[in-house]
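The structure appears below as structure tokens.
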Amino acid sequence: MSKEFFSRTENYSEWYNQIVEKADLAEHSAVRGCMVIKPYGFAIWEKMQAALDKMFKDTGHVNAYFPLLIPKSFFSKEASHVEGFAKECAVVTHYRLRTSDDGKGIVVDESAKLEEELIIRPTSETIIWNTYKGWIESYRDLPLLINQWANVVRWEMRTRLFLRTAEFLWQEGHTAHATAEEAIAETEKMLDVYADFAENWMAVPVLKGVKTANERFAGAIETYCIEALMQDGKALQAGTSHFLGQNFAKAFDVKFTNKEGKLDHVWATSWGVSTRLMGALVMAHSDDQGLVLPPKLAPFQVVIVPIYKGNDQLQTVSEAALRIKKELEAKGISVKYDDRDTQRPGWKFAEYEFKGVPVRIAIGERDVQNGTVEVARRDTKEKESLQQTNIGEKIAHLLEQIQDNLYKRAVDRRNEQTNHASSYEEFKKILDEKSGFVYAHWDGSAETEQKIKEETKATIRCIPLNNKKENGTCIVSGKPSSQKVVFARAY
RNA sequence: CGGGGUGUAGCGUAGCCUGGUUAUCGCGCAUGGUUUGGGACCAUGAGGUCGCAAGUUCGAAUCUUGCCACCCCGACCA
């Protein structure tokens with residue numbers, strides 16, 4: 001079907017770019033490092049948002065909105081936080097433009113310099129904790145469970161559509177609690193929400209774990225994460241949930257009176273997932289024929305393509321097609337009926353295949369006569385002719401099967417790409433030959449972690465939760481270790 | 001910021017070395033017709049500051065210099 005299309009094995013990163021662009025998900029904008037999310041791509045993001053938003057609300061959270069611009073001084077209040085973000089902040093210094101002296105262009109009006117510069121948020125902890133100070137006085141005000149859907153800017157040097165862009169969309173949850181235990185429970189609960197979403201909606205299996213000190217969020221006591229494995233064997237951090245301790249409460253002086261009448265600093269968490277999930281979704285399931293979408297996140301789950309010669313046939317075929325569409329919609333299935341006369345059926349088949357529509361139904365004069373439809377599933381590319389009787393149920397069942405199959409396929413792939421290394425030599429060999437997740441003993445030191453990163457480009461993705469304890473020795477230093485950690489090269 | 005590369009129609013490109021006057025081809029687009037069960041075909045047509053600026057020259061897409069943008073590799077990416 002495709003002309004000059006890179007396969008996954010030929011050039012994985014080119015393959016990814018092509019899918020994103022040709023499936024109409026996003027494109028580069030006129031602004032360096034910033035993308036335009038196109039309607040079809042944004043529809044997928046909206047599905048993600050809707051599912052996540054419901055999960056957040058079901059766990060007691062509410063949405064709010066905080067400013068895009070943050071006073072510079074806020075960033076100096078939490079030392080490690082500023083250190084983590086300083087290098088990638090966009091700064092607003094002026095508030096007015098004027099016509100240049102030669103009259104030909106527009107220049108910054110130097111007389112309109114801000115007294116204090118404003119930072120375009122790279123994340124919102126600072127402005128939110130500054131606000132929380134005014135909201136929290138007593139344990140009765142806690143917990144505070146707030147989420148925000150927003151855009152953030154991080155001035156990345158090298159960007160890739162969805163995976164790393166200078167501006168991206170995300171949600172950030174910021175909660176405040178009376179005790180450390182409660183905050184830790186919240187952090188873990190939200191990690192579970194993310195894992196649930198990744199596995200049951202995106203059909204992407206993830207590893208739950210905690211980050212090493214090196215990889216921890218700037219300002220966090222503990223960073224929990226979900227890590228996914230892409231088809232090329234590279235890991236992708238798909239979501240993080242941070243236990244912030246009392247760091248931000250202390251930095252922004254947020255205290256409350258507890259039940260015993262004593263003053264204490266509030267305990268905090270923050271957690272987020274971004275449009276990067278779109279990248280994970282694309283890379284997890286797609287093949288050399290284009291995008292493959294899990295039914296639960298597809299903008300439309302079924303496309304119906306009529307096949308006809310002339311207007312008379314179109315009428316009878318359309319009647320049948322629209323009847324089927326209604327029947328499917330009654331089962332809660334989203335359907336697009338494409339009766340455009342400007343494109344031929346073969347063109348439409350290829351188009352929807354590339355866009356990853358889970359199920360395609362073709363119906364022509366022949367089917368109208370026989371009471372059948374041709375049903376093609378995107379994941380396996382199998383086609384079969386089905387009786388129209390109970391078509392709603394049949395397709396609903398098929399969509400469930402596709403969702404399950406995608407997940408199983410992804411799990412199998414991840415298992416194949418997960419290995420254990422007992423020596424540094426073996427470790428390097430696995431990384432170079434098989435890639436993927438590598439379990440290995442590590443002595444727990446930042447030096448060893450750094451050395452491995454420099455020599456192999458692999459980082460510790462996480463220390464898995466519920467990890468099996470086993471005594472061993474670090475593959476690099478030979479020092480004792482009580483458990484294996486997970487390494488991988490990452491996006 | 002270092003190393004390498006590329007800028008010609010919406011996209012992909014030929015021409016550049018060796019300067020010569022209507023800038024090539026394909027896709028796409030428009031119109032008409034025939035088509036329509038896996039990316040149709042024929043005919044006609046529209047579409048260009050050759051990245052920008054200066055220079056050399058009778059003459060520049062082509063040579064020179066400067067600038068700009070983008071891509072790849074690295075540094076960077078809680």
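Lettering of chains follows the sequences in order, A, B, ..., and the numbering in each one begins at 1. Values below: every heavy atom of this structure, side chains too, minus hydrogens, waters and symmetry copies.
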**OP:** Quick one: label A:Lys383 by what it contacts on the DNA or RNA (base, sugar-phosphate, nothing), any heavy atom closer than 4.0 Å.
**Re:** base

**OP:** Would you mind reading off the distance between A:Lys453 atom NZ and B:C76 atom P, rounded to a whole angstrom?
**Re:** 7 Å

Subject >> Separation of B:C77 C1' from A:Arg276 CZ (nearest whole Å) >> reply: 9 Å

Original post:
With respect to the side chain of A:Asp367, which nucleotide from B:G38, B:G37, B:C77 is positioned closest?
Top reply: B:G37

Subject >> Between B:G33 (C1') and A:Asp341 (CG): distance, integer Å >> reply: 14 Å

**OP:** Tell me which nucleotide among B:G39, B:C71, B:U36 gets nearest to the side chain of A:His28.
**Re:** B:C71

Original post:
Salt-bridged, A:Arg8 to A:Asp288, with N to O below 4.0 Å?
Top reply: yes

Subject >> 5'-to-3' dot-bracket of RNA chain B (Watson-Crick, G-U; under 3.5 angstrom; crossing pairs as [ ]; | other strand) >> reply: (((((((..(((.......[....))).((((((.....)))))).....(((((..]....))))))))))))....

Original post:
Is any side-chain nitrogen or oxygen of A:Arg164 closer than 4.0 Å to OP1 or OP2 of B:C76?
Top reply: no

Subject >> Distance test, side-chain N/O of A:Lys309 to OP1/OP2 of B:U34, below 4.0 Å >> reply: no

**OP:** Please identify each residue that fulfils side chain to side chain contact (heavy atoms under 4.5 Å, CB included) with A:Cys474, with sequence neighbours left out.
**Re:** A:Asp443, A:Thr448, A:Val476, A:Ser477

**OP:** Determine the Euclidean distance between corresponding C1' atoms of B:A14 and B:C27; express it in Å to zero decimal places.
**Re:** 15 Å

Original post:
With sugar-phosphate meaning primed atoms plus P, OP1 and OP2, does A:Glu374 contact a base, only sugar-phosphate, or nothing at under 4.0 Å between heavy atoms?
Top reply: base

Subject >> A:Met283 to A:Gln231 - nearest heavy-atom pair and separation >> reply: O-NE2, 2.8 Å

Original post:
Any donor-acceptor pair under 3.5 Å between the side chain of A:Glu353 and the base of B:G38?
Top reply: yes

Original post:
Under a 4.0 Å N-O cut-off, is there an ion pair linking A:Arg377 with A:Asp379?
Top reply: yes

Original post:
Between B:G28 and B:U62, how far is it from one P atom to the other, in whole Å?
Top reply: 31 Å

Original post:
Closest to the A:Ile307 side chain: B:G39, B:G74, B:G37?
Top reply: B:G37

Subject >> Rounded interatomic separation in angstrom, taking CD from A:Glu88 and P from B:A75 >> reply: 16 Å

List the atom pairs, donor and acceptor, that lie under 3.5 Å between side-chain atoms in residues 358-366 of chain A and the rest of the protein, sequence neighbours left out.
{"unit_1": "A:Glu365", "atom_1": "OE1", "unit_2": "A:Thr316", "atom_2": "OG1", "d": "3.3"}
{"unit_1": "A:Glu365", "atom_1": "OE2", "unit_2": "A:Gln369", "atom_2": "NE2", "d": "3.2"}

Original post:
Quantified in whole Å, what is the C1' atom distance between nucleotide B:U57 and nucleotide B:G12?
Top reply: 34 Å

**OP:** Inspect the contact between A:Glu227 and A:Lys211 and indicate whether a charged nitrogen and a carboxylate oxygen are less than 4.0 angstrom apart.
**Re:** yes

**OP:** Taking atom P in both B:C76 and B:C17, compute the distance separating them and give it to the nearest angstrom.
**Re:** 42 Å

Original post:
Between B:C27 atom P and A:Trp347 atom CH2, what is the distance in whole Å?
Top reply: 16 Å

Original post:
Given atom NZ of A:Lys348 and atom C1' of B:U36, what is their separation to the nearest angstrom?
Top reply: 9 Å

Subject >> Closest-nucleotide 5' rank along RNA chain B - winner of A:Ala218 and A:Arg366 >> reply: A:Arg366

Original post:
Given B:G39, B:C77, B:U36, which nucleotide is nearest the side-chain atoms of A:Glu351?
Top reply: B:G39

Original post:
Taking the side chain of A:Lys87 as its heavy atoms from C-beta onward, which of B:G74, B:C77, B:G39 lies nearest to it?
Top reply: B:C77

Original post:
Which of these passes salt bridge (charged side-chain N to carboxylate O under 4.0 Å, His left out) with A:Lys451: A:Glu449, A:Glu447, A:Glu455?
Top reply: A:Glu455

Subject >> Whole-angstrom distance between B:C52 and B:C41, as gauged at atom C1' >> reply: 43 Å

Original post:
When rounded to the nearest Å, what value does the distance between P atoms of B:G59 and B:U22 take?
Top reply: 16 Å

Original post:
Separation of A:Tyr16 atom OH from B:C72 atom C1', in whole Å?
Top reply: 18 Å

Subject >> Listed nucleotide nearest any side-chain atom of A:Arg360, set B:G38, B:C77, B:U35 >> reply: B:G38

Original post:
Is A:Arg489 salt-bridged to A:Asp432, cutoff N-O under 4.0 Å?
Top reply: yes

**OP:** Could you tell me whether A:Lys208 and A:Asp196 have a side-chain N and a carboxylate O separated by less than 4.0 Å?
**Re:** no

Original post:
Starting at the 5' end of RNA chain B and moving along, which residue's nearest nucleotide shows up first, A:Arg160 or A:Asn214?
Top reply: A:Arg160

Original post:
Say you pick atom C1' in B:G33 and the same atom in B:G38; how far apart are they, in whole Å?
Top reply: 24 Å

Original post:
Rounded to whole angstrom units, what separation is found between the CH2 atom of A:Trp155 and the P atom of B:C76?
Top reply: 20 Å

**OP:** Can you tell me, in whole Å, how much space there is between the C1' of B:A61 and that of B:A43?
**Re:** 32 Å

